[in-house]
Amino acid sequence: MKIVTWNINGIKARLDNLLTWLKETDADVICLQEIKSVDENFPRLEIETLGFHVETHGQKGFNGVAILSRTSPDEVLRGLPGDDEDDHARFMEAVFSTASGVVRVACIYLPNGNPIDTPKFPYKLAWMKRLHIWLEGRLALEEPIVIAGDYNVIPEPYDCYNADAWLGDALFQPETRNAYRMLENLGMTDAIRAVSDAPGLYTFWDYQAGAWQKNNGIRIDHLLLSPEAASKLVSADIDRQVRSWEKPSDHVPAAAVLAF
DNA sequence: ATGCCAAACAGGGTTTGA
């Protein structure tokens, strides 16, 4: 089973790219972020025609997540628990049955958190704490779990082209990196880092200042695997060539293959 | 250091993003 995360930066603007990519891919589950669409306007028919089941959790204008899958999920849940005041559409989870048991896939769009001297940064850290608490509860089920998404976290200095440029940024703050490490400390495995410790494994390049041409990227889209999922990890990779397409998202797909 | 780029909403300029 191949599970992919991809921040598409607008489903309406990216539909042609997504359909082209879906026609070529062997992915089984695709977690999308920043669909920037309400559920009613999501182009589900075009995607269903290609053989995918579609589940969305959108809102007007920004944020929004979706899970596309070859098979229908047994269960879908929307929204990250822990704050009834939080109306951002940033989290959904789906449970799939396979021949060798269930797998739970969470699709997350973790808050950016910039600038750090505004309420956006504490919102990010609080969201990460809520994710941590949610995960503790799910881990008790001892299921294979994959948390796939745009984490807006640069885990380590070699996950960016120039670490000095990210000092003071919410994506690279010590508190941010620590919260990510705390998820790993619960027993989660970063799928990309489980297969390679190479530098330059980026998933995002800014639209500005020729970042793509200079390979001035960062690795912020991740797949964290519970122990039961990590034991089934076969491979993981980043589909970076998509960034060179016409009218691309600023993020590219990252994937993990599990032996289900 | 940041809005140089991009998308949404709306129908111009603001908000958001990383």
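Just so you know, these numbers use all the heavy atoms, side chains as well, and skip hydrogens, waters and symmetry mates. In what follows, chains carry the letters A, B, and so on, assigned in the order in which the sequence lines appear, proteins first and then strands, with residues in each chain numbered from 1. Remember, predicted model here, so these are calculated numbers, not experimental data.
For the residue pair E184(A) / T189(A), no side-chain donor-acceptor distance below 3.5 Å is found, with atom types taken as modelled. No hydrogens or angles considered: nothing links the side chains of Y202(A) and D159(A) as a donor-acceptor pair under 3.5 Å.
Pairs of residues two or more places apart, or lying in two chains, that qualify as side-chain hydrogen bond (donor to acceptor under 3.5 Å, both in side chains) and include a residue from residues 72-81 of chain A are H53(A)-S72(A), E55(A)-R78(A), D74(A)-S97(A).
At dA7(B), one or more side-chain N or O atoms of K247(A) fall inside 4.0 Å of OP1 or OP2 (strictly under the cut-off). Between R14(A) and dA7(B), a side-chain N or O to OP1/OP2 separation shorter than 4.0 Å is present. The phosphate of dA10(B) (OP1 or OP2) has a side-chain N or O of K60(A) nearer than 4.0 angstrom. Look at R90(A) and you won't find any side-chain N or O under 4.0 angstrom from OP1 or OP2 of dT16(B).
Counting only distance, with no hydrogens or angles, the side chain of S69(A) and the backbone of V29(A) share no donor-acceptor pair below 3.5 Å. No donor-acceptor pair under 3.5 Å is formed between the side chain of Y109(A) and the backbone N or O of I35(A). Panel note: side chain S100(A), backbone F260(A); no donor-acceptor pair is recorded below 3.5 Å. The backbone N or O of V252(A) sits nowhere less than 3.5 Å from a side-chain atom of R243(A) that would complete a donor-acceptor pair. No side-chain donor-acceptor contact under 3.5 Å links T56(A) to the backbone of G58(A). At distances below 3.5 Å, not a single donor-acceptor pair connects side-chain atoms of N17(A) with backbone N or O atoms of R14(A).
Spacing between dT2(B) and dG11(B) at atom P, rounded to whole Å, works out to 30 Å. Using atom C1' as the reference point in both dG12(B) and dA1(B), the two lie 28 Å apart (nearest Å). Atom C1' of dA10(B) sits at a distance of 13 Å from the matching atom of dT15(B), rounded to the whole Å.
Residue contacts shown for H88(A) are absent, as no nucleic acid heavy atom lies under 4.0 Å away. As judged by a 4.0 angstrom heavy-atom cut-off over every strand, D150(A) is placed among residues touching the sugar-phosphate backbone only. R219(A) comes within 4.0 angstrom of no nucleic acid atom, judged by non-hydrogen atoms across all strands. Nucleic acid contact class of F172(A) (heavy atoms, under 4.0 Å, all strands): none.
One can place NE2 of H251(A) at 18 Å from P of dC5(B), the figure rounded to the nearest angstrom. Residue N9(A) contributes atom CG, which lies 11 Å from atom P of dG17(B) at whole-angstrom precision. Rounded to an integer number of Å, the gap from CG of L171(A) to P of dG17(B) is 11 Å. Distance, F62(A) CZ to dT15(B) P: 12 Å, rounded to whole Å. Separating the CD1 atom of I11(A) from the P atom of dA8(B) is a distance of 10 Å, rounded to the nearest angstrom. The distance from atom CZ of R243(A) to atom C1' of dA6(B) is 10 Å, rounded to the nearest whole Å. Whole-Å rounding puts the N41(A) CG to dA7(B) P distance at 18 Å. Per the geometry, CH2 belonging to W205(A) stands 16 Å off P belonging to dA6(B), to the nearest Å.
Between A13(A) and D250(A), the one whose closest nucleotide on DNA chain B sits nearer the 5' end is A13(A). Nearest-nucleotide positions on DNA chain B for I218(A) and Q59(A) put Q59(A) closer to the 5' end.
Residues from residues 206-217 of chain A lying near DNA chain B, meaning a heavy-atom separation below 4.0 Å, are Y207(A), Q208(A) in numerical order. Less than 4.0 Å separates DNA chain B from at least one heavy atom of each of the following residues of residues 114-128 of chain A: N114(A), K120(A).
Taking both residues in full, the closest heavy atoms of L171(A) and K124(A) are given as CA-NZ, 3.9 Å, listed atom of the first, atom of the second, then distance.
In this structure, W21(A) and W6(A) have tilted ring planes: the angle between them lies in the 30° to 60° band.
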